[in-house]
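All remarks here apply to the structure that follows.
Values below: all heavy atoms of this structure, side chains included; hydrogens, waters and symmetry mates excluded. What you see is a predicted model; the values in this text were computed from it and never measured.
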Amino acid sequence: MKVDWDHLQFFLVLARAKTLTNTARIIGVEHSTVSRRIQALELALGTPLFRREATGYELTQEGLALVPRVEQMEQAFLQIEKPNLPLQGHVRIGTPEGFGTAFLAQLLAELSKQYPLLTIDLIPVPKMIKLSHREADIVISIDRPKSGPYIITRLTDYCLKIYGSKTYLECTQPIKKLEDLKNHKFVNYIDDLIYSPELYCLERLPLQLNANFRSSSILAQQIAVSAGAGLAILPKFLADNKPELEQVLAEEVRFIHTFWMLTLVDLQHEPRIKLVWDFLRAQADKYQNLLMD
């Protein structure tokens, strides 16, 4: 059976938007029209492309395999239809919460100004984004994948140190050596909600320290520390620009972690992906003073 290009466009939007309602709103049709188009495409291809989940429409393995092929068709069509237009398309970036919000959001806003026809989705969340499920086109992760059809690069190392608010430090016992930390409150992750062993920093100190305030969100931890809830091990890029915070035992306690950047092999030569990939590499190099000592 012949495959209709219009059906493929509906497929691509639904793969990105996840729900019939969002897809219908983006395209400007009724959600029933979206459903009919997808059903017609699945019938033409002889395979299901989506499965219904609590989070919306998730791609099947066949759907995942189809996405990069349709995206290539989309880019080729745009180049034929409007060859002189600037770079356009859609790029979704999944990142750890703190890095995406405190470091990348402002930089990507500048990129968006340079390429107004390029749609950038930034997903900064306290969990692992699954590139294999097409949750993003580019993923920045604190864990390096052991295997998969990925292009992987070390984006940057980053530094973490102990911070406390000036108000808290003025009202508590002085901290001159590692042992003094036993006299202080700490802010940390929730044990059973931690999504990577790399996040266990407080536990690596040679002391028995307990957290009085815990959160799965590094941004919530930073806000709690700024409000005087105690001390916390925070990334330098998140805490150094907060005037209310001070480093504690800056020479004695220091952790170095790595951000890895990856994309699917099928996407590496897409102009929109390459543009954002190269931009992220350049920004990480440019702001090493903020990421590292």
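Ring geometry for F237 against F99 counts as perpendicular: the plane angle is over 60°, on a 0 to 90° scale with 30° as the lower cut.
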Test side-chain hydrogen bond (donor to acceptor under 3.5 Å, both in side chains) applied to S32 and E30, step by step: CA-CA 5 Å; S32 58; E30 297 292 329; 5.4 Å; no
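Defined by atom type and a distance below 3.5 Å, a donor-acceptor pair is present between the side-chain atoms of D121 and H90. In summary, the side chains of Q221 and S217 do not present any donor paired with an acceptor at a separation below 3.5 Å, with no hydrogens or angles considered. If you check the side chains of Y195 and D143, you find no donor sitting under 3.5 Å from an acceptor. Counted by atom type alone, S226 and E244 present one or more donor-acceptor pairs between their side chains at under 3.5 Å. Using a 3.5 Å distance cut-off with no hydrogens or angles, the side chains of E203 and N188 do pair a donor with an acceptor. Side-chain N/O atoms of T55 and E53 include no donor and acceptor closer than 3.5 Å.
Between L234 and Y163 the shortest heavy-atom distance is O-CE1, 3.6 Å.
By the 4.5 Å heavy-atom criterion applied to side chains, Y57 and K18 are not counted as neighbours.
Taking 4.0 Å as the cut-off between side-chain N and carboxylate O, D240 and K236 count as a salt-bridged pair.
For F50 and F11, the ring centers sit closer than 6.0 Å to each other.
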